[in-house]
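A quick write-up on the structure given underneath.
This structure is a prediction, so every number in the text was calculated from the model and none was measured. Lettering follows sequence order; numbering is per chain, from 1.
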There are 2 protein chains.
Amino acid sequence: MDLLLAQWGERRPDLDVSPMAVIGRLKRLSRLIEAELRRTFAEHGLDPASFDVLATLRRSAPPHLLTPAELMRSAMVTSGAVSQRLDRLEARGLVTRSPSPSDGRVVEVALTAEGRALVDRALPDHLATEERLLAALGTDRRDALADTLRELLESLGDGVD
Amino acid sequence: MDLLLAQWGERRPDLDVSPMAVIGRLKRLSRLIEAELRRTFAEHGLDPASFDVLATLRRSAPPHLLTPAELMRSAMVTSGAVSQRLDRLEARGLVTRSPSPSDGRVVEVALTAEGRALVDRALPDHLATEERLLAALGTDRRDALADTLRELLESLGDGVD
DNA sequence: AGCCAATCTCTTAGCGGTGAGATACTTTTC
DNA sequence: GAAAAGTATCTCACCGCTAAGAGATTGGCT
């Protein structure tokens, strides 16, 4: 990445490419992390998208019911993506869909016993992988990083609404 | 994200979910940034993948020749993805492929005049978008963030080899 | 020289995502 | 209470990526 900045300085000295130092690294780091997490999920027969849904349901208050719209906001994907994720999970018997009693437009998604058991099995491995990915950073650096990221997210409107 | 951590604390107080504070935010931020950059690229008839290739070629030393393998390492995608990216760009006349004179396995990818003009047109807008995304952070915070990200990347073997 | 492992590029099947839009239901407005 | 606007979910066509592997070329080793 430092090389990249230097190359731009050579080729286009008229442009200020300094934002790339942050945004380029964020992208690379995300890709590395995603690939690593994917491997852990695969060991449990899951992919990031499926785990995301199962974990979101698992951490919600009992009886672990969420609507597709809530899952959509949580995962930051389109409604079509959520529908397809639920299709796959439902076909595997990991979640169920049932119409909401109070609003005819809404569907309630629930974790099956099997879905819950699977996410509970994968979770410790997943956390171990995340911990390993951050091993280079001490607690203070992690906290500072989390603070900075939170600030950026809030400045971009995430988690407000 | 803070809510998410609290929920896990309720549901699984036996697990240390603190790594999620960093990794979850990185994921959300990446998605937001990616979506925003995508919009800028679209204004120039590009997508992130195409821009990535064009910009990598543009910032390389004249005569702006790179091999698919180099593009693959730079973009952190598989070789198949690079082949397909080049197919699309070649079909649009933005890059050319020609066999390497020194190694029969290798292809040399070059920017056409049109490709170069396009990336030069898109670049200022792209940088303005990146700048806007980071506007909440002062120079010091940006530098600190870049340092932390670099450290993480290096600890994961990025840019070493 | 000849072989073998490594390297480079490309192909293909399958997957998951987006974006547009259809459908159904609910809420607001008049 | 009927019409209009809004909301929730789903469908579908298309796109880009991965994973696996094929084909071609190279360079080291014996």
Side-chain angles (χ1 to χ4, degrees), chain A residues 27-28 30-39 41-43 45-54 65-92 94-110 161, chain B residues 27-28 30-32 34-39 41-43 45-54 65-92 95-110 161:
Chain A
K27 182 178 133 199
R28 292 188 76 81
S30 282
R31 285 198 65 83
L32 280 173
I33 289 173
E34 156 106 12
E36 210 54 38
L37 297 183
R38 181 182 297 276
R39 212 174 323 158
F41 293 141
E43 290 169 14
L46 287 169
D47 55 273
S50 296
F51 179 84
D52 182 64
V53 172
L54 297 180
L65 293 179
L66 291 176
T67 69
E70 289 168 330
L71 290 167
M72 179 179 102
R73 282 186 283 274
S74 167
M76 305 178 78
V77 293
T78 60
S79 61
V82 172
S83 282
Q84 294 174 65
R85 288 179 176 194
L86 294 176
D87 287 347
R88 297 192 290 271
L89 290 169
E90 198 177 23
R92 292 180 61 185
L94 301 175
V95 306
T96 58
R97 277 195 269 214
S98 45
S100 161
S102 57
D103 186 332
R105 297 166 300 182
V106 171
V107 165
E108 283 176 349
V109 181
D161 298 343
Chain B
K27 181 176 131 198
R28 291 188 77 81
S30 281
R31 285 196 65 81
L32 281 174
E34 156 106 13
E36 210 55 38
L37 298 183
R38 181 182 297 276
R39 214 173 323 157
F41 294 140
E43 289 169 15
L46 288 170
D47 56 273
S50 296
F51 178 84
D52 181 66
V53 172
L54 296 181
L65 293 179
L66 291 175
T67 69
E70 290 167 330
L71 290 167
M72 177 180 101
R73 281 186 283 273
S74 167
M76 305 178 77
V77 294
T78 60
S79 61
V82 172
S83 282
Q84 294 174 58
R85 288 179 175 193
L86 295 177
D87 287 346
R88 296 192 291 271
L89 290 169
E90 197 176 25
R92 291 181 60 186
V95 305
T96 57
R97 279 193 268 213
S98 45
S100 162
S102 57
D103 186 330
R105 297 166 300 181
V106 170
V107 165
E108 283 176 350
V109 181
D161 297 343

By the 4.0 Å heavy-atom rule, please label [X] as base, sugar-phosphate, or nothing.
| X | answer |
| --- | --- |
| B:Ala69 | sugar-phosphate |
| B:Ala49 | sugar-phosphate |
| B:Gly104 | sugar-phosphate |

Salt bridge or not for [X] and [Y], using N-O below 4.0 Å?
| X | Y | result |
| --- | --- | --- |
| A:Arg85 | A:Asp47 | no |
| B:Glu34 | B:Arg38 | yes |
| B:Asp87 | B:Arg97 | yes |
| A:Arg39 | A:Glu36 | yes |

Length of the [atom1]-[atom2] vector between [X] and [N], whole Å:
| X | N | atom1 | atom2 | value |
| --- | --- | --- | --- | --- |
| B:Leu66 | C:dT9 | CG | P | 11 Å |
| B:Arg85 | D:dC15 | CZ | P | 16 Å |
| A:Leu46 | C:dC15 | CG | C1' | 15 Å |
| A:Asp103 | C:dT27 | CG | C1' | 10 Å |
| A:Lys27 | D:dC17 | NZ | C1' | 14 Å |
| B:Arg39 | C:dT18 | CZ | P | 14 Å |
| A:Glu108 | D:dC10 | CD | P | 13 Å |
| B:Arg73 | C:dC8 | CZ | C1' | 10 Å |

Quick one: which of [options] gets closest to the side chain of [X]?
| X | options | result |
| --- | --- | --- |
| A:Arg88 | C:dG17, D:dC17, C:dT9 | C:dG17 |
| A:Asp47 | D:dT25, D:dC12, C:dG16 | C:dG16 |
| B:Ser83 | C:dT11, D:dT9, D:dT11 | C:dT11 |
| A:Val106 | D:dC17, D:dT9, D:dC10 | D:dT9 |

Could you pull out the closest heavy-atom pair between [X] and [Y], with the gap in Å?
| X | Y | result |
| --- | --- | --- |
| A:Leu46 | A:Arg92 | CD2-NH1, 4.2 Å |
| A:Val107 | A:Pro68 | O-CD, 3.2 Å |
| A:Ala49 | A:Arg88 | CB-NH2, 4.2 Å |

*Find which nucleotide of DNA chain C each of B:Pro68 and A:Thr78 is nearest to by heavy atoms, and output the residue with the more 5' nucleotide.*
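Closer to the 5' end of DNA chain C: B:Pro68.
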
Is the base of [N] touched by the side chain of [X] through a donor-acceptor pair closer than 3.5 angstrom?
| X | N | value |
| --- | --- | --- |
| A:Gln84 | C:dT18 | yes |
| A:Ser79 | D:dC10 | yes |
| B:Arg105 | C:dT7 | yes |

_Restricting to salt bridge (Lys or Arg N to Asp or Glu O under 4.0 Å), what partner residues turn up for B:Arg105, sequence neighbours left out?_
B:Asp103

*Mapping B:Ser102 and B:Val77 to their closest nucleotides on DNA chain D, which lands nearer the 5' end?*
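By nearest-heavy-atom nucleotide position, the 5'-most residue is B:Val77.
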
Distance check: side-chain N/O of [X] vs OP1/OP2 of [N], anything under 4.0 Å?
| X | N | result |
| --- | --- | --- |
| B:Arg38 | C:dG17 | no |
| A:Arg31 | D:dT18 | yes |
| B:Arg97 | C:dT9 | no |

Scan nucleotides 1-5 of chain C against the protein and return all N/O pairs shorter than 3.5 Å with their distances rounded to 0.1 Å.
none

